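Just so you know, these numbers come straight off a predicted model, no measurement behind them. Chain letters run A, B, ... following the sequence lines, proteins first, then strands; residues in each count from 1.
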Amino acid sequence: MKFKFVPVDYDYFDFEGKNFVRLVGRTDKGVKVCVIDSYEPNFWIVLKEGCDGKADAIARKIGKISVEKASRVTKVLRTEVVKKKFLGKDVCGIRVFISNHKDAHDVASEIGDIEEIDKRREYDIPLITKYIKEKKVEPLKWYEVEGDVLDVNDFGGLGGAIDLDVCVKAEKIVKIDELDFVPKILAYDIETSDSELGKGDVLMISLYGDNFKKVLTWKKCDDVQDYVETFEDEGDMIEGFVKAVKEFDPDILTGYFSDGFDLPYIKAAAQKNKVKLSLGIDGKVPSFTRGRIPSGKIPGIVHIDLYRFIDAVFSQYLQSETLSLNEVAKELVGEKKEDFDFRKLKDMKDGDWKEFFSYNLQDSAVTYKLAQKIWPDIFEFCNIIKEPIFDITRDRMATHVENHVLHNLDRFNEIAEKRPMHNESSERKMMGKFGGADVFEPTPGFYENLVMFDFTSMHASIIVSFNISKATLCDGSGDCHKTPEFELDGNNVSYCFEKKLGFFPTLLAEVVEKRKKYKKEYSENKNAMTKARSNAYKLLANATFGYQGFFGARYYSREAAASTLAFVRKFTGDTINKIRDAGYTIIYSDTDSIAFLQNGKSKDDIMKFLEEINNDLPGIMELDLEDFYKRGLFVAKRGVKTGAKKKYALLDDKDKIKIRGFETVRRDWCKLTRGLQSEILNMILHDGDEKRALKLTKETVSKLRNREVDLGDLMIRTQLKRPLDEYLSEGPHVIAAKKMGEDGVPISVGMLIEYYIGENGGKGKLVRDRVFLPDEKALYDMDYYLNSQILPAVENIFDVFGVDIKGIVDGETQQKLF
DNA sequence: GGATACCCTTTACC
DNA sequence: ACGGGTAAAGGGTATCC
């Protein structure tokens, strides 16, 4: 048969010692189908220079190798001698086809001692990545598939096991023009009697999709909502869950933190109740891939933990201080979850259960809406990186950059570099840091009429303009780009990069070009898809510099990363000098941005000046106008007169305020402090005068002294970054977390710990001795909140206006006392 | 035993 | 284990006299 097909999920299996790829996707008629495709596993051998003549003989020798493993024998099936490139250099390659990808490493080891062999490569690339790279059957693209319908007994019964109407063995897969694909998304969420994994029961499971909402439970109560289905017990409910998923037939099953909670919890509950969680299209139960964070995989359905994608890729766009479903959903889809008081769990009445069901359904509904909102971004990442959705939603940026390179290497006839071995990446990690960008020390003050310039995608444009990469690093003998001299590990160095374009900078040039193109497309046609496309290219471009300096990268190059930064320092420094020489006063600069005073010049003059600077910039480098600002405030560091870096507030021409670095934007300061400072900055920037700000500060201080401040405004929130026993220094938040642990709250890495500082009858001098949890009753420590919160946050702002706020407040204290 | 320099830790900026 | 470096700041700890 023949049909149009879009691959959604990828998987592979062995049959008679050979690898087969299983694609699950949809036809243009919306039918879910399974396509089995063959794959010939292979890896590469790179011969030493001058050994080309012996290539055929070596290939024949290798062709006879077979490796015996416990369960199977892997044979070299055939070899091909091919002219290839490795790191941009011409090499003689031998492609070694073997019977099973799992043994690629062993076969590669087996032939390691042949003298003419320089390198063995691509045995460490995952099978699905190799398959997509070589056969170009890419996720979410459209193909015409021709093949035979699978017989029930084909592939050892696999044909019969798959619960889909159409399952074929592909004969031909041909790319066709893109058609629409709207995935069927089903969101789920569970509520449990104990938040610790596996300790309690699953009380209910909610599901939400297009025209589909259900809450499954075994808690019996009268007069429930019509979406509630009541089961006999937990096991029955889980079977009901499997049935409901099958009934909906989703492409994507999604949860929020479901890799770490919902799916493993349900799986454990299924085992406990001896029921089979057969969610897979082949009746198999979800499996969890090994790794730092386990990933829940369901055969034939893409399981997406939205939290993972948001954490790895999306969070840098968000304002949210935490990545809780509540906060993220509020920001992205404008939905606020309804609250449920979990303390009620101890003694639930019928009404409470109904409230709980509704809460549970809300979570799934919000997750569903979030998935719909983020789908364009997932889709674009799949399109650009060419990895399956499952991986796209879990990989971090370094992996995305690397996969993007891997999937494009064929265009350059390149053999892929290997992943660093453990000892190699440890060595890289141990190498000291290399010098980064410069930050200009501002003079504290209140300024008017400022301009800010910044370089567009500075690091990326430097990598492209100077062809900087591992493969193009050279000894400087030929035609090349030379970095400025800079210090590295105590020595003055300079590196050279060939002018002949390398694959890595070329790919980045394409990414930067596409980012520009799609940014324009977005500005002309604003919608979720154009925005996602533009954003994805931006993220990819920005992560590429970090990738070259990342110890785990295949194309790691410390020289490349350090050289990029040397150019960053040079061009920003030169531009600062140019602006200063033109008669402007430099106020501030950080990495790729420069702020200076207009000094009476018109905006037109400044735009002309910008154009002049741009005419002198090499390659694709570009300086851009960030904005004009009416006013700007720069303060001193605490306790000294010198200006603080990375801390300023600006007011633009549209009266919009931009605050950087101040306590206002730091989540580990209490609401009272942040609110006060933010209002003060607003008053000062808008009115240009500090008198109202002074009045507000005095009012806040007296409120604090009269104990009129709400305890909720005094909570300090700090994230727990490691397990409790790994802390060398026991700060207040560590003590707070320990207290929580004693109260029976499960403590986990990544949690936001909330506490306040209270009076403790003079016991202990340290702050940590005065830590109280939100539900602990105590008088707040007035002295602490005055001297360690409010005053430090406003002091250096008032300093700029010559107002000694501490003196004024202390003076009033004296007055009061006498 | 009190001042202080230094280390540890978190969070921000780009 | 899953970009990078630079910086401010608080609080704990070690060390000095």
[X] near the nucleic acid: base, sugar-phosphate alone, or nothing, with a heavy-atom cut-off under 4.0 Å?
X: A:K637; value: sugar-phosphate
X: A:G661; value: sugar-phosphate
X: A:A543; value: base
X: A:E730; value: sugar-phosphate
X: A:R722; value: sugar-phosphate
X: A:H733; value: sugar-phosphate
X: A:F434; value: sugar-phosphate

### Query
Regarding A:K739 and the six-membered ring of A:Y755, is the cationic atom NZ or CZ under 6.0 Å from the ring centre and inside 45° of its axis?
no

Verify the neighbour count for atom [atom1] of [X]: are there more than 12 heavy atoms of other residues, nucleotides or ligands below 6.0 Å?
X: A:K671; atom1: NZ; answer: no
X: A:K418; atom1: NZ; answer: yes
X: A:K658; atom1: NZ; answer: yes

### Query
Taking the six-membered ring for Trp, are A:F567 and A:F466 parallel (under 30°), tilted (30 to 60°) or perpendicular (over 60°)?
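Parallel, since the angle between the ring planes stays under 30°.
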
### Ring geometry between A:Y447 and A:F634 (parallel below 30°, tilted from 30 to 60°, perpendicular above 60°)
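A:F634 and A:Y447: perpendicular rings.
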
Atom [atom1] of [X] to atom [atom2] of [N]: distance rounded to whole Å?
X: A:K738; N: C:dG12; atom1: NZ; atom2: P; value: 13 Å
X: A:F440; N: B:dC14; atom1: CZ; atom2: P; value: 15 Å
X: A:R290; N: C:dA1; atom1: CZ; atom2: P; value: 15 Å
X: A:Q316; N: C:dG4; atom1: CD; atom2: P; value: 13 Å
X: A:D624; N: B:dC14; atom1: CG; atom2: P; value: 15 Å
X: A:E387; N: C:dC2; atom1: CD; atom2: C1'; value: 14 Å
X: A:Q548; N: C:dG4; atom1: CD; atom2: P; value: 13 Å
X: A:I716; N: C:dG11; atom1: CD1; atom2: C1'; value: 11 Å

Nearest to the side chain of [X] - [options]?
X: A:R768; options: C:dT13, B:dC14, C:dG4; value: C:dT13
X: A:L565; options: C:dG5, C:dT6, B:dC8; value: C:dG5
X: A:P792; options: B:dT11, C:dG10, C:dT13; value: C:dG10
X: A:D590; options: B:dC13, B:dC8, C:dG11; value: B:dC13
X: A:T718; options: B:dT11, C:dC2, B:dC13; value: B:dT11
X: A:V665; options: C:dG3, C:dA9, B:dC13; value: B:dC13
X: A:Q719; options: B:dC13, C:dT6, B:dT11; value: B:dT11
X: A:F550; options: C:dC2, B:dC8, C:dG11; value: C:dC2

Are OP1 or OP2 of [N] and a side-chain N or O of [X] less than 4.0 angstrom apart?
X: A:Y556; N: C:dA1; answer: no
X: A:R717; N: B:dT10; answer: no
X: A:K646; N: C:dA7; answer: no
X: A:Y784; N: C:dG11; answer: yes
X: A:K645; N: B:dC14; answer: no
X: A:Y648; N: B:dC14; answer: yes
X: A:R638; N: C:dA8; answer: no
X: A:R667; N: B:dA12; answer: no

#### Entry: Base paired to C:dG3 (Watson-Crick or G-U; both N/O distances under 3.5 angstrom)
none

#### Entry: Euclidean distance for P, C:dC2 against B:dT10 (whole angstrom)
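Approximately 16 Å lies between the P atom of C:dC2 and that of B:dT10.
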
### Query
Considering only heavy atoms and no angle criterion, is a donor-acceptor pair shorter than 3.5 Å present between the side chain of A:R666 and the base of B:dT11?
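Pair found.
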
### Evaluation steps, ring-ring contact (aromatic ring centres under 6.0 Å, His included), between A:Y555 and A:F503
CA-CA 11 Å; A:Y555 294 103; A:F503 64 89; 5.3 Å; yes

#### Entry: Pair A:Q719-A:R667, side-chain hydrogen bond (donor to acceptor under 3.5 Å, both in side chains): steps then yes or no
CA-CA 9 Å; A:Q719 196 182 24; A:R667 71 170 178 196; 3.1 Å; yes

